[in-house]
Chemist: 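Here it is: the structure, laid out below.
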Amino acid sequence: AARSRLRLPVCFLGVFACYFYYGILQESITRGRYGEGAKQEKFKYALTLVFIQCVINAAFAKFCESGGHLLPP
């Protein structure tokens, strides 16, 4: 019984930690400067990055929903 009571807080903290780390990584990509010297550039394609992430997330969710099968039986 005590083990099942701990499951929700543990899962919550796991999801929170993953999203927090994901946000830190995304900020470092979009806020960083790339290149050397006078040719440094900032990341310009944040909307494209988010769109690609959404497509990959949707494909992964569909994959998990299908029971891990790439093609329908």
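Below, each value reflects all heavy atoms present in this structure, side chains not excepted, and no hydrogens, waters or symmetry copies. What you are looking at is a predicted structure, and each value in this text was computed from that prediction instead of being measured.
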Chemist: Is the CD atom of Glu36 crowded by more than 12 outside heavy atoms at less than 6.0 Å?
Modeler: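 No, the 6.0 Å shell around CD holds no more than 12 heavy atoms from other groups.
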Chemist: Restricting to salt bridge (charged side-chain N to carboxylate O under 4.0 Å, His left out), what partner residues turn up for Glu27, sequence neighbours left out?
Modeler: Arg31
Chemist: Of Val55, Ile56, Leu49, which meets side-chain contact (heavy atoms from CB on, under 4.5 Å) against Gln53?
Modeler: Leu49
Chemist: What orientation do Tyr19 and Tyr22 show, parallel under 30°, tilted 30 to 60°, or perpendicular over 60°?
Modeler: perpendicular
Chemist: In chain order, what residues pass the side chain to side chain contact (heavy atoms under 4.5 Å, CB included) check against Ser28, with sequence neighbours excluded?
Modeler: none
Chemist: Could you walk me through whether Thr30 and Lys42 pass the side-chain contact (heavy atoms from CB on, under 4.5 Å) check?
Modeler: CA-CA 7 Å; Thr30 57; Lys42 289 184 78 172; over 6 Å; no
Chemist: With sequence neighbours excluded, tell me which residues meet side chain to side chain contact (heavy atoms under 4.5 Å, CB included) with Tyr34.
Modeler: Ile29, Phe43
Chemist: Is the number of heavy atoms from other residues, nucleotides or ligands within 6.0 Å of CG (Leu13) greater than 12?
Modeler: yes
